[in-house]
There are 2 protein chains.
Amino acid sequence: MTLDQITAFLWVARLGGFRKAAEQLHLTQPAISTRIAKLEEELATPLFERDGSGLTLTRQGTLLLSYARQMLFVQDEIRKHVADTAGLTGLFRIGASETIAQSWLPDFLKAFSAVYPRINIDLTVDISTDLRESLLTRRLDLALLMGPVSEFSVENIALPPFDLHWYCAADSAPVDLATTPVISFSAKTRPYRELMTLLARHVSPSVRVFTSTSLSASLQIIAAGSAVGPFPRALAGKLIAEGRIIEFDPGLSVSPLAFTASYLGEPRNFLAEDGAVIALQAAKEWQAMN
Amino acid sequence: MTLDQITAFLWVARLGGFRKAAEQLHLTQPAISTRIAKLEEELATPLFERDGSGLTLTRQGTLLLSYARQMLFVQDEIRKHVADTAGLTGLFRIGASETIAQSWLPDFLKAFSAVYPRINIDLTVDISTDLRESLLTRRLDLALLMGPVSEFSVENIALPPFDLHWYCAADSAPVDLATTPVISFSAKTRPYRELMTLLARHVSPSVRVFTSTSLSASLQIIAAGSAVGPFPRALAGKLIAEGRIIEFDPGLSVSPLAFTASYLGEPRNFLAEDGAVIALQAAKEWQAMN
DNA sequence: GCGGTTTACGATGAACGTAACAATA
DNA sequence: TATTGTTACGTTCATCGTAAACCGC
């Protein structure tokens, strides 16, 4: 019995196929076959039912599954608490939404790379919908997005929310939402839908709405006087300081943006777990300073 | 990280030396060195303090110790509950005291070998004192002896006790303990000391006492009319049936013999654990039939 | 010098990848 | 035919044992 065999077994059971497990573990499919065969041989019992298309866990396999989880959990605890993480190398893939990228993400990256000086970071800034998709397909280790990600497999750590304020061009005449276009988040996002509902109900069903996946581009459009919209102060700060945009109150309060640090719960990834904690701390500190 | 490395680490920590661990695991000492070195390399932290004579666990090593125990515990659970034990091979070393050997040991061995048909059994019949010593030096896997063995490392499962009855030769005149020698257990045993105390107090301090490590030999001596003594009925049965010895009541009640199935708790040995349970069951069934 | 650990090195064997095969839908 | 698991086989790399070096009582 080896930890590699147990790992292979767990992935085959989780993903429901030798091939998928092979891909996950960066091995060829026969290698997985061998590992499972060796394990079945040692335990003198079949672990999977190979009935044509699709594997099923046998009774013994089901039993092993919980033990396998326990064992690899302990292995992870060792890596986390016993191993010296200072020398840890590897690649850590972080996804962040633009609001975070423009606010405390630099602080977070600084803190993270201080704790894990040998880890390379791969950063993706995208809209939350895409980050969510990347997380679920294991292309990201940690996502800092508008959450929570409501999947049983995902752990969500709540981050401080961002209040939204309305902005218009500094030289703008008093704003009438019925005639001025509103620009905001990408149409695929939850805040967009909320904003649309709000505008339709309280202003007019025919309000013009622009959307953009880039919040900073949106703010430039606002500065140009082409639209107005609700944004976190963190993003607007620079343009406000330059005197190009100002806050105004259209009498419509948009609920704050709720963010989470989200990662897949299984398999355990202590870099993600620890990264989420570091992110929360960085966010809190940034908030206290702003 | 491999289970072999973890196992090696645990044994080095337990036994306090690479050489002893090597012996325990049937490996050469450099092999242990390699395993520990690899583990220390992977965890990027020293696990032992090598200061001249004697190893000490580092802080990280101490931490790892508990995780290692957990991990190997799970491994053992897998072997016990998932693996098909019917095909299990190996050698199982059982020690039993004579009383048990003469009573339900055959039933136990039959039941045990039915559950584990491929396990070879090495049986030692000896006095409890020696069995205890053998158990503690790992020369026995399971000991059925007058227990319990009061060592923190030993697990004791209580077995049904044996009542003691006094026997003398069938043609014996009424027995006077003041003049007839008493024969009983080896001088190194607990029942011997108890018997001596009893005789000194209630009969005479100068009672003649014979001792023998073989209870059946003792009974032959009784049959020959050379002595009398207290024995379990299980051992006397045959000579009673042959009409060569009879029970009598000297007015001295000797407390029953307390037996236990004892085995070392660490490392876990599920054959021993299970063997103890089977032994208890065999003993109970035998008792119900007698 | 002696008990015990580390280092060096050759040999064995476990496990991988490539490739061919088998089975199922 | 496409997909997926098994079998066969050559190769590579990890790990063992032997032997020598090292090190603190």
Side-chain angles (χ1 to χ4, degrees), chain A residues 1-58 60-62 64-65 68 71-72 75 79 83 137, chain B residues 1-58 60-61 64-65 68 71-72 75 79 83 89 137:
Chain A
M1 195 187 313
T2 69
L3 286 170
D4 282 346
Q5 287 166 5
I6 298 291
T7 307
F9 166 78
L10 195 57
W11 278 107
V12 172
R14 272 212 271 253
L15 302 178
F18 284 45
R19 205 146 216 120
K20 289 169 186 165
E23 195 176 331
Q24 174 65 35
L25 296 173
H26 304 294
L27 290 171
T28 59
Q29 188 275 335
I32 303 294
S33 272
T34 311
R35 287 187 179 183
I36 301 297
K38 279 268 159 65
L39 194 54
E40 287 179 323
E41 185 187 335
E42 179 169 348
L43 298 179
T45 183
L47 298 169
F48 295 101
E49 200 93 55
R50 281 91 157 168
D51 41 1
S53 68
L55 296 176
T56 328
L57 279 169
T58 61
Q60 315 281 16
T62 310
L64 180 60
L65 189 54
M71 191 171 270
L72 298 185
Q75 185 185 20
R79 280 208 250 268
T137 53
Chain B
M1 195 186 313
T2 70
L3 286 171
D4 283 345
Q5 287 166 5
I6 298 290
T7 307
F9 167 78
L10 195 58
W11 277 108
V12 172
R14 273 211 270 254
L15 302 177
F18 285 45
R19 191 162 285 279
K20 289 171 187 166
E23 196 175 330
Q24 174 65 35
L25 295 174
H26 305 295
L27 290 171
T28 58
Q29 188 274 337
I32 303 295
S33 272
T34 311
R35 287 187 179 184
I36 301 297
K38 279 269 161 65
L39 194 55
E40 287 179 322
E41 186 187 333
E42 179 169 348
L43 298 179
T45 182
L47 298 169
F48 295 101
E49 200 91 56
R50 283 93 157 167
D51 42 2
S53 67
L55 295 176
T56 327
L57 280 168
T58 60
Q60 315 281 15
L64 179 59
L65 189 54
M71 192 172 269
L72 297 186
Q75 185 185 20
R79 282 208 250 267
T89 61
T137 53

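All values below come from the heavy atoms of this structure, side chains included, with hydrogens, waters and symmetry mates left out.
- Distance OG1/A:Thr7 to CG/A:Leu72: 4.5 Å, rounded to 0.5 Å.
- Here the P atom of nucleotide D:dT3 and the CG atom of A:Leu55 are 17 Å apart, to the nearest Å.
- A sub-4.0 Å separation between OP1 or OP2 of C:dT5 and a side-chain N or O of B:Ser33 is absent.
- Put simply, A:Arg50 has no side-chain N or O that comes within less than 4.0 Å of OP1 or OP2 on D:dT4.
- Between B:Phe9 and B:Phe48, the ring planes lie tilted relative to each other; the angle falls in the 30° to 60° range.
- Nucleotide C:dA15 holds its P atom 10 Å from the CD atom of A:Glu41, rounded to whole Å.
- A:Leu3 places a side-chain heavy atom less than 4.5 Å from the side chain of B:Leu3.
- To the nearest angstrom, P of C:dA14 lies 16 Å from CG of A:Leu39.
- We find that CZ of B:Phe9 is positioned 17 Å from C1' of C:dT5, with the value rounded to whole Å.
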If a protein heavy atom is under 4.0 Å from the base, mark B; if only from the sugar-phosphate, S; if neither, -; do that for nucleotides 11-21 of chain D going 5' to 3'. ----SSBBB--
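- Residues B:Glu40 and B:Thr45 fail the side-chain proximity criterion, which asks for heavy atoms closer than 4.5 Å.
- Atom CG in A:Leu47 sits roughly 15 Å away from atom P in D:dG5 (whole-Å rounding).
- Taking atom CG of A:Leu25 as the reference point, atom P of C:dA15 lies 15 Å away to the nearest angstrom.
- Using a 4.5 Å cut-off on side-chain heavy atoms (C-beta onward), A:Leu55 and A:Glu49 make no contact.
- Residues B:Gln5 and B:Ile36 form no side-chain contact, since every pair of their non-hydrogen atoms from C-beta on lies 4.5 Å or further apart.
- The nearest whole Å value for the distance from the CE atom in A:Met1 to the P atom in C:dA14 is 17 Å.
- Computed from coordinates, the A:Phe18 CZ to C:dC16 P distance equals 13 Å when rounded to whole Å.
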